[in-house]
Amino acid sequence: MGRILGERTDLRNRAKELKRLVEIEVEIANTLAHEKGVDAARKALEETNPEALNRQKQAKRVGLKDLPNAEKGKVVLRFAPNPNGPLTLGHARGVTINSEYANLYDGKVVLRFDDTDSKVKPPIKEAYEWIESDYKWLTGKKPDIIVRASERMMIYLQYAVKMLEGNFGYVCKCSAAKFKKLRDNSLECPCRNKEVQENLSDWKMMENGTLKEGEAVVRVKTSMDLPNPALRDWPALRIQHTLHPMVGDKYKVWPLLDFQSAIEDHEQGVTHIIRGKDLMDSTRKQTLLYAHFQWDYPETLYWGRVKIHEFGRFSTSGMRKDIEEGNFTDWDDPRLPTIRALQRRGFNSDAMRAFWIDLGLTQKDISVSLQTIEAFNSSKIDEMCERRSFVRNPELLELKTSEKGINNQEISINRHPMNLIEGARVWNIDDKRIYLEKVDVEKENIRLKDYADIEIKDSNAIIQSYERLDRRPIVHWLPFSMAKKAILTIPQGNDIIIQEGMMENFEIIKGNIVQLERVGYAIIESENNSDIIKLLWLHG
RNA sequence: GCUCGUGUGGUGUAGUUCGGUCCAUCAUGCCGCCCUUUCGAGGCGGCGACCCGGGUUCAAAUCCCGGCACGAGCACCA
C-alpha cells in the first residue's frame, strides 16, 4: 500500500478507499498462501503482475554530502593545526575532508599554522615542514595557501586596536578567577565601562611590557545575559612573554585562538569552516565578533570525536613527551599513530583518504577499528604487492621423490597470483632441502604451495604428487638455496614483537611492500644487499 | 550545575530536509561453503539495527511531546 501511494501520489487523498481495496486483496492472497503455500501466491502474482515482485533496492550515497551554500570555484576552506608535532591519524580526517571538498568544488585550502601559544603548546620549529609534507603525502598536492599566524601578528593587533576604538572590546585587568565569578553571575566587570582612551592606553601598557603576564586581557563585549556563560565577554588577546620559536620576543600580546582564527578566516575569505564539534562555542563566539565588525560568518560544519581502538587516547604533546623520554624512537616509530609512522609502515594515502571519505562528516562521536583502515589499505595495495615466502620458526627438511615422480629442478611462481604484476620468481630446488614453518611440519600431509603434495616423515618431505590430489592444507615453503635470514618487526600496542625466519631471497628492494604468503603485508626496510633482511609489519 | 550537540546491526555509514517505492543502503566484522590465488585474498551464502515511551496519520527511521543514554564546551590551550 505504501508503495502504491509512493508511486501514485494522485491517489493519496483517497487513501481510505484504497485501504479497503488493499485489505480485500491481502485477505485473498493470505488465504491462497495459507491453503496452497506462499509459492502459489507468488506464482499467481507472477502471472498477473510480475513487476510487483521487482523491488528496487535503495542505493547508498557515495562520497561526501553537498556543501551548503557552496558555489563551484568560490569555495575556500582551511585546515589549521598547531605546529607542536607532525600530523596524526586524527588530523588526517581534517586534511582529507577539507581537501576533498576543495576538489569537489574547485576550491582552495588554506593551511594555517595556529602557533599563537608558546607557553602551553609551544610550537616546534621543524613541525611546520613536517606538517606541510604530511599534508602533501595525504592529498597528493601542496595546500593552495600557507599562512603562519606568528607571521601575521601585525594584522591581529591592528584589529584588536580597531576593536578597542570601536568600543566593542576592552582591556580587562580582573584576575581570571574574579572575572569567572562575575561572569557566572551575569555581572559586568568594572573594566567594561572604561572610556576608549583609557582602554587604548592600557593596551599600550600591554604591548610595551608594563603590564605583565596575567595582569590584563582584551575582551570582546558580548552581553553578560547570554544564556551560555562561555560566550560572555570572552577573552581575545592575552599577554605572553615566553619566547616564540619563530619570532622570539617580538610581541608581548598574543591573540587567543578564537580571535586569531576569526580574523584570519576573514582575511583569507574562508567560505566554509569544517571543525571538530568541540569548537561549537568558538563558532558562537566568533559570530558575535563578526557581528561587531559587520562581517558574515562562514558556513560551519562539524565532525565528532574519533577514537581508534588500537591506539586509544593519544595527544601530540603526550607523544612528544614519550619520545623525549625514550619510550619511542621518534615521531615515525611504528607504534605511533602519526602520519609519518603510518607512511613508513606502508599505508597508502589513497586508501586513507577513501577511509575518511567513507566515514564522511557526522557529528557523532565514533570509535573505529584500525582493521577497517587496513581493509581499505589491503584492497588498494594488493595489486601492487609482489608475493614472497617468509618462513617463521623454520625447520629444514629433505625433499624426497617417490619412485614414480621426477623432480623439477626449477619452478617458477607468479610475482602476483593474478599476474597483475607480470613475471615470475624462479626457484631452484636442486639442493633438495627446504624450509617449512614448524607448525606446518607437525601436519602430516600438506601441499607445498605451487609445487607438490607431500607427506612428512621424520625429517623428510616425500613428494606424493605434483597434481593436487585432495583437500590437504596448502603451506608456504622455501628452498634452502633461496633462503636468507630475516627479521620481522611487528608493532603491537606499546610493544614491539620480533619474529625471525627465512625470507625468500628474490629481488629484495628497500621500500617495497610485499605480501608474505600466509602471513601478511610488510615493508622491506633493509638495504638491498644486507646480510639480514629487515621487514616491518604492515597488516594482515 | 549551566550551555550545546548526538542517538540506525559488533563497528562505521546511507536514508531523516519535504512521512509513503524502507519487510531499511553499503562497507567492515563474525560464521559457513567454494577455489592449486597463500591469507586477514577472491567468489557465493548467512548473521545482525531504526535509544525508550506516548502522540499525530490510512501510513513514522523520518513530524510532535516526554524520558533516557552518550559526548563536548564552560582555560589568560589549540
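- Comparing B/G40 with B/C33, their P atoms are spaced 13 Å from each other, to the whole Å.
- Phosphate proximity of B/C77 to A/Thr116: absent, as no side-chain N or O sits under 4.0 Å from OP1 or OP2.
- On the C1' atoms, B/A61 is 7 Å away from B/U8, given to the nearest whole Å.
- B/C76 atom C1' lies 16 Å from atom CG of A/Asp202, rounded to whole Å.
- Between the CZ atom of A/Arg232 and the P atom of B/U3 there is a distance of 9 Å, rounded to whole Å.
- Closest to the side chain of A/Arg238, from the set B/A78, B/U11, B/U36, is B/A78.
- One atom, CD of A/Glu310, and another, C1' of B/U11, lie 11 Å apart when rounded to the nearest Å.
- At whole-Å resolution of the value, CG in A/Leu361 and P in B/G12 are 16 Å apart.
- Under the 4.5 Å side-chain criterion, counting only non-hydrogen atoms from C-beta, A/Val475 is in contact with A/Leu448.
- Among residue pairs with one or both ends in residues 215-234 of chain A, those qualifying as salt bridge (charged side-chain N to carboxylate O under 4.0 Å, His left out) are A/Arg192-A/Asp233; sequence neighbours excluded.
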TODO: Please report the C-alpha distance between A/Arg320 and A/Ser315 in whole Å, then the side-chain angles of each, then the deciding distance to 0.1 Å, and finally whether the side-chain hydrogen bond (donor to acceptor under 3.5 Å, both in side chains) criterion is met.
DONE: CA-CA 9 Å; A/Arg320 182 178 182 174; A/Ser315 70; over 6 Å; no
Identify each atom pair where a protein N or O and an N or O of nucleotides 16-18 of chain B are less than 3.5 Å apart, giving names and distance.
none

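- The phosphate of B/A14 (OP1 or OP2) has a side-chain N or O of A/Arg61 nearer than 4.0 angstrom.
- On the P atoms, B/A49 is 29 Å away from B/C65, given to the nearest whole Å.
- Residues passing the side chain to side chain donor-acceptor pair (under 3.5 Å) test with A/Asn69, sequence neighbours excluded: A/Glu299.
- Annotation: proximity of residues 372-384 of chain A to RNA chain B (heavy atom, distance under 4.0 Å) is found for A/Thr372, A/Ala375, numbered in ascending order.
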- [ ] Take A/His416 and A/Gln515, measure what side-chain hydrogen bond (donor to acceptor under 3.5 Å, both in side chains) needs, and give me the verdict at the end.
- [x] CA-CA 9 Å; A/His416 186 282; A/Gln515 192 195 75; over 6 Å; no
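- Using a 4.0 Å heavy-atom criterion, one finds that A/Glu213 contacts no nucleic acid atom at all.
- Comparing B/C64 with B/G12, their P atoms sit 26 Å apart, to the nearest whole Å.
- Contact between the side-chain N/O atoms of A/Arg20 and the OP1/OP2 oxygens of B/C58 is not found at any separation under 4.0 Å.
- Listed by residue number, the members of residues 469-477 of chain A with any heavy atom below 4.0 angstrom from RNA chain B are A/Arg471, A/Ile474.
- For the atom pair A/Leu87 CG and A/Thr338 OG1, the distance stands at 9.5 Å (nearest 0.5 Å).
- Checking B/A75, B/C76, B/A78 against every side-chain atom of A/Ala176, the shortest atom distance belongs to B/C76.
- The P atoms of B/U16 and B/G55 are separated by 26 Å, rounded to the nearest whole Å.
- Remark: RNA chain B takes part in the stems B:1-7 with B:68-74, B:10-12 with B:26-28, B:29-34 with B:42-47, B:51-55 with B:63-67, each of 3 or more antiparallel Watson-Crick or G-U pairs, criterion distances under 3.5 Å.
- Here the nucleotide nearest the side chain of A/Lys65, chosen from B/G12, B/C76, B/A14, is B/A14.
- Aromatic ring orientation, A/His91 versus A/Phe79: perpendicular (interplanar angle above 60°, classes split at 30° and 60°).
- To the nearest 0.5 Å, atom CG of residue A/Leu182 and atom CE of residue A/Met224 are 7.0 Å apart.
- Spacing of P atoms, B/C18 relative to B/U3, comes out at 27 Å, to the nearest Å.
- Every residue meeting the side chain to side chain donor-acceptor pair (under 3.5 Å) condition with A/Gln240, not counting sequence neighbours, appears here in chain and number order: A/Ser118, A/Arg238.
- Protein atom NZ of A/Lys449 is 12 Å distant from nucleotide atom P of B/U36, rounded to whole Å.
- B/C63 and B/G48: their C1' atoms are spaced 29 Å apart (whole Å).
- B/A59 sits 24 Å from B/G7 when the C1' atoms are compared, rounded to a whole Å.
- Among residues two or more places apart in sequence or in another chain, the side chain to side chain donor-acceptor pair (under 3.5 Å) test is passed with A/Asp114 by A/Arg112, A/Gln260.
- Taking CG of A/Asn445 as the reference point, atom CG of A/Asp470 lies at 7.0 Å (rounded to 0.5 Å).
- Among the atoms of the strands shown, none is found under 4.0 Å from any heavy atom of A/Cys385.
- Residue A/Arg183 places its side chain closer to B/C74 than to any other of B/U3, B/G40, B/C74.
- Atoms CD1 and CD, from A/Ile474 and A/Glu517 in turn, are 10.5 Å apart once rounded to the nearest 0.5 Å.
- At the heavy-atom level, A/Ser367 lies under 4.0 Å from the strands shown only through sugar-phosphate atoms.
- The CG-C1' distance, from A/Leu359 to B/A14, rounds to 13 Å in whole Å.
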- [ ] Indicate for each nucleotide in nucleotides 67-73 of chain B, in 5' to 3' sequence, whether protein heavy atoms under 4.0 Å reach the base (B), only the sugar-phosphate (S), or nothing (-).
- [x] ----SSS
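- In this view, A/Tyr128 and A/Asp115 satisfy the side chain to side chain donor-acceptor pair (under 3.5 Å) rule, not counting sequence neighbours.
- Note: A/Glu504 CD to A/Ile413 CD1 = 6.5 Å, rounded to the nearest 0.5 Å.
- Checking the phosphate oxygens (OP1, OP2) of B/A75, no side-chain nitrogen or oxygen of A/Arg219 falls inside 4.0 Å.
- Here A/Leu535 contributes atom CG and A/Leu516 contributes atom CG; the two are 6.0 Å apart, rounded to the nearest 0.5 Å.
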Residues 373-380 of chain A, side-chain donor-acceptor partners within the protein, below 3.5 Å, at least two apart:
unit_1	atom_1	unit_2	atom_2	d
A/Asn377	OD1	A/Asn348	N	2.8
A/Asn377	ND2	A/His539	NE2	3.0
A/Ser378	OG	A/Glu374	O	3.0
A/Ser379	OG	A/Ala375	O	3.4
A/Ser379	OG	A/Phe376	O	3.0

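- Contacts of A/Lys277 classified as salt bridge (Lys or Arg N to Asp or Glu O under 4.0 Å), with partners at least two apart in sequence or in another chain: A/Asp365.
- Between A/Lys364 atom NZ and B/C50 atom C1' there is a gap of 11 Å when expressed in whole angstrom units.
- For the pair A/Trp254 CH2 and B/A78 C1', the computed distance is 14 Å after rounding to whole Å.
- Across all non-hydrogen atoms, the minimal contact from A/Ala216 to A/Met206 is O-CE, 3.7 Å.
- In summary, the aromatic rings of A/Tyr451 and A/Trp477 are positioned with their centroids under 6.0 Å apart.
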